[in-house]
Amino acid sequence: MERADEALTGTAPEPFGPLVTADWLARRLGTSGLVVLDASVGVHRGAPRRIPGTRPFDIDGALSDHSDPLPHAMPGADRFTDEMRSLGLDDDSTVVVYDTAGIYSSARAWWMLQAMGFDRVAVLDGGLPAWEAAGLPVESGRPAPAPRPGSFTARPRPGWIVGGDEVTAALIDPSSTVLDARSRDRFSGTAPEPRPGLRGGHMPGAVNLPFGEVQREGLMLPVAELEGIFAGLVEDREKLIFSCGSGVTACVLALAARLAGYRELAVYDGSWSEWGIPSDRPVVTGR
């Protein structure tokens, strides 16, 4: 799997792989056409320190559809276009996304942009912690607005964001695997769900891969290790759907699968926030 440092020559951003290092970004920070986005959520949203020039990709705010009762629902194409233009994105921009937790919600921004037809996007491996550990500069205060509106246009890709019906079909499809990024205790139903009113357990036939297990010390595992993990879980199945609590850490597994060479990938947007609602959708407990 080609990483950014192997895919680039010169100083101008060029097409690259899904993951970049802090060193790669530091050497290109401020390059024309490069946009850096902070996709932090929850307690990490609006952190006081950030990589210089960063603009906010606000998943908890404008970049979720708040008319949907489910958390972090994907916004429509028109709304997404408007928000990306307000961040100064053009169709030919190069984007690096990060979050202040490491690799947590940045993968969600990476997946959303691709689902909307934009491929020139990568995740900063290790996020802000890796940047600061390398002794690289940070800034504080209010983020500077984009210098001008961008020309980005969303072009949604069918099948990248899926709903419960697609997941139901995948659970009985011998060519598909549904992978759940929640903790092992939540998957088994021995730990309560953090969102009230949801059932404990998992979808029958789903496979558990907690998102933290594809990382080590805040960085994504080497490709060879990721290949081994996925081969052991999905065998020869190529179609993978990822779920979690609200569609955020599912995208960390999507990133890991992409690094491991898988291409037929989808994210269940409602994830357990939808499936776990009391209904006739089946739920089982145990490992």
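No experiment lies behind these values; they were computed from the predicted model shown. Both backbone and side-chain heavy atoms feed into the values below; hydrogens, waters and symmetry mates do not.
With respect to the salt-bridge test (charged N to carboxylate O, under 4.0 angstrom), the residues R49 and E132 qualify. Look at D119 and R157 and you find a salt bridge, because one of the NZ, NE, NH1 or NH2 atoms lies within 4.0 Å of a carboxylate O, short of that distance. Electrostatic pairing of E193 and R199 does not count as a salt bridge here, judged by no charged N lying under 4.0 Å from a carboxylate O.
Annotation: cation-pi geometry satisfied between R182 and W272 (NZ/CZ under 6.0 angstrom from ring centroid, within 45° of ring axis).
Of the possible polar contacts, one joining the D91 side chain to the T153 backbone as a donor-acceptor pair under 3.5 Å is found.
Listed by chain and residue number, nothing satisfies the ring-ring contact (aromatic ring centres under 6.0 Å, His included) test with H72 (two or more places apart in sequence, or in another chain). When the side-chain contact (heavy atoms from CB on, under 4.5 Å) test is applied to D92, the partners found at least two apart in sequence or on another chain are D90. Not counting sequence neighbours, W110 has no partner by the ring-ring contact (aromatic ring centres under 6.0 Å, His included) test.
The two residues S93 and G88 make their nearest non-hydrogen contact at OG-O, 4.3 Å.
Note on ring orientation: taking the six-membered ring where Trp is involved, the planes of F118 and F152 are tilted (angle from 30° to 60°).
The local environment of CZ in F80 is crowded, with over 12 non-hydrogen atoms from other residues, nucleotides or ligands closer than 6.0 Å.
A continuous path of ILVMFWY side-chain contacts below 4.5 Å connects M74 to L89, so both sit in one hydrophobic cluster.
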